[in-house]
There are 2 protein chains.
Amino acid sequence: MELTERKKKVLRSIVDLYIRTAEPVGSKAIAELPDMNYSSATIRNEMADLTTLGYLEQPHTSAGRIPSAAGYRLYVDELMADYRLSIDEAHSINTAIEEKMQRVDKMMEKVAKLVSQATDLPAISVASRRGGTTVKRFDLILAGSGSFILVLLLSTDEVVNKLIKLPLHIAESDLKLLGAVLNATLTGLAPEEITGELLERIMNSAESAATLVPVIVDFTTETLRRSGTTNMAVAGQARLLQQPEYRNIDKAQKMLTTLDEDALSNLPAVMQNANGTKVLVGPEHVAQELKDTSVVMTKFDIGDGLQGMIGVVGPTRMDYAKVTARLSYFAESLSKMFAKPEQQSLPEGKEE
Amino acid sequence: MELTERKKKVLRSIVDLYIRTAEPVGSKAIAELPDMNYSSATIRNEMADLTTLGYLEQPHTSAGRIPSAAGYRLYVDELMADYRLSIDEAHSINTAIEEKMQRVDKMMEKVAKLVSQATDLPAISVASRRGGTTVKRFDLILAGSGSFILVLLLSTDEVVNKLIKLPLHIAESDLKLLGAVLNATLTGLAPEEITGELLERIMNSAESAATLVPVIVDFTTETLRRSGTTNMAVAGQARLLQQPEYRNIDKAQKMLTTLDEDALSNLPAVMQNANGTKVLVGPEHVAQELKDTSVVMTKFDIGDGLQGMIGVVGPTRMDYAKVTARLSYFAESLSKMFAKPEQQSLPEGKEE
DNA sequence: CTTAGCACTCAAAGGGTTAGAGTGCTAAGA
DNA sequence: TCTTAGCACTCTAACCCTTTGAGTGCTAAG
């Protein structure tokens, strides 16, 4: 049996309607749609066919049909109508994004919140490093007799620092010397390349080095390690409960717990090689917990060697067209925003 | 009518039992408790009295009694048995805390997660600044021909920085000069004290100052403002759904939404003058949304002029004794931990 | 002052019936 | 050959009615 154009049209209508109502769709409802010029009996036959083809399912004999995973897949890949953002929608997304954002982690929180608001579903946003990070440059700034500031300029152009206080006097000259040594030996190294042997050599370089070096190096390796870590935020969990399929508390709880834990942290991996917006329909998931949940996600570019991803989690019956459109637009706007670095540094822009 | 010892005992038993079962408590159940040497009829009379006194409520005629807000209040203030942490519990809290924590915001997330785990309820944790922050010292580090690093040492001993790139050449001598001027004029000032007049004076100090100063000052004031902001994290929202009173989706959703938004950010204000662990029973709340919810919270000391607060949100029927005990212990352990600053800087402590 | 006993109340659970939405199939019509 | 009106059939959800039993307040006796 082949998928005729009419079958596709019927399937699309069913998915559309089901997305709106969350109720099984009957033949009559479809037959009554404006541009459906067939009787309910004809639709009924088509629906029977679509069911044997595996695109529809029947909760029970006397209920309407609901799309199967395969049905959603086909819908997402082929049938779904382009959702064009209204000017209002685009505008509200834009103004939301334009609020300045500061550090990456704070930013991911903010982005997740915005995405969740825009889609009315729980959202996740992840920032992850593309390659290994190294230190480009060390600076030691004296900040009092027993304290100094360690400043690291990373290969990502991120700057990290730490105020270090020690119970001993530190000479400015020592710091200068030590700084030079650090820059000579440790720049460009991955954390695992910083060996004990290397350290000993540095230790002998300056008077107070023996005490300072371990502290400095510990902080450095820790920073490098953490910098490779992905940074993830979840927002709007509560919105899940609006969806009729999560009115069942146990289901909702399971889902929320999954969101709470990092069960989703492997999602970015799925995006690794993909481009554009990707839809994962229920049973296609790796994680068992997400069986009747779909995820829509997109990559965007943060710059500084950071890879961003935003995603939305919802029932398999979610408004794919709308969600996909908003998400893509969001990702695009974010990428654009990060492409203009001054926008970040100069918070307001038009001050006196 | 007076609150006799026996009445108190009955009330305590009722609250205890209700906390365990979440079901209205009947006279028979109380009468059958091990150390209750009265018949159900007697208990019944006592319960009737407690009801007219306002400590108990009756959902309907033929149901048992549940504690009223006043009942919980009395329970928390007077009747509740001390909950002693078992060695296991204390141990697991300790090891959880000992994992090193890095920046304040990340830390608050972690703490919230830990508290939520320890109490099996949603938790919030807030860090807020006690006084206004100022800049103690500016440093400008050249980092390439068109870029430099701005390092601020704040009055809180926190260090903040930013890599600034500009489309123009910057001379090292200019930076030095500008740094000196900044240190001379802007240190110790609150953001609102940095006026346009002051800026103009600085602008004339060095060649490229006109371009650099706005960027630097914008970042500085922004940082100072943000530093005064409270930093809050919520964790374990999903656990709320375990509680029978939140099996009602609408209620759960309202509550989760409240947690999602910052409706709780005014809670720390309540703690301002209080000390130790504080319990807010349902209707005593300022926020309308929290009417049938209790909050248990405690302050702890982060150091660096930061004030921490951890809190737990749950049904009015929550195990106050247990929650209070765990929270207090948590706060104490955290305060202790922050009192030893080296523990933070030296991640492991016993390396080589 | 305590308690056994009893009549009374009322929510919750069980059971049976009904309504109606939706189906598949058949046979007539285009 | 495709479409559609018509009809018998299915099955859930809603409704109503009844029963059950936990819990109460009151009374009167110990």
Starting from the C-alpha separation in whole Å, work towards a yes-or-no answer on side-chain contact (heavy atoms from CB on, under 4.5 Å) for A:L121 and A:R239. CA-CA 5 Å; A:L121 285 172; A:R239 291 186 224 269; 5.5 Å; no

Distance check needed: C:dT3 C1' versus B:E46 CD, whole Å only. 13 Å

Once rounded to the nearest 0.5 Å, what's the spacing between atom CG of A:L50 and atom CZ of A:R6? 10.5 Å

Taking atom types as modelled and ignoring hydrogens, do the side chains of A:Y246 and A:Q253 form a donor-acceptor contact shorter than 3.5 angstrom? no

Would you mind reading off the distance between A:K7 atom NZ and D:dT3 atom P, rounded to a whole angstrom? 9 Å

From OH of A:Y18 across to P of C:dG22 the rounded distance in Å is 14 Å

So, B:S328 and B:T298: side-chain donor and acceptor under 3.5 Å apart, yes or no? no

Donor-acceptor contact below 3.5 Å, side chain B:R12 vs main chain B:L79: yes

Rounded to the nearest Å, what distance is computed from the CZ atom of residue A:R6 to the P atom of nucleotide D:dC2? 9 Å

Are the side chain of A:T324 and the backbone of A:Y320 linked by a donor-acceptor contact shorter than 3.5 Å? yes

Just verifying a value: how many Å separate A:I124 CD1 and A:S116 OG, rounded to the nearest 0.5 Å? 11.5 Å

Would you kindly give the CE-to-C1' distance between B:M36 and C:dT3, to the nearest whole Å? 16 Å

Have a look at the helix from C:dC1-D:dG30 to C:dA30-D:dT1 and give the angle its two end axes make, five pairs each, rounded to 10 degrees. 20°

Between A:E46 and A:K9, does any NZ, NE, NH1 or NH2 come within less than 4.0 Å of an OD or OE carboxylate oxygen? no

Charged N to carboxylate O under 4.0 angstrom, A:E78 versus A:K8? yes

Taking D:dT4, C:dT3, C:dC10 as options, the one with an atom nearest any side-chain atom of B:H60 is C:dC10

Going 5' to 3' along nucleotides 16-30 of chain D, which nucleotides have protein heavy atoms under 4.0 Å from the base (write B), which only from the sugar-phosphate (write S), and which from neither (write -)? ------BSBBB----

Roughly how many Å is it from CD1 in A:I30 to C1' in C:dA21, rounded to a whole number? 15 Å

Could you tell me the separation between the CG atom of A:D49 and the C1' atom of D:dC2, rounded to a whole number of Å? 13 Å

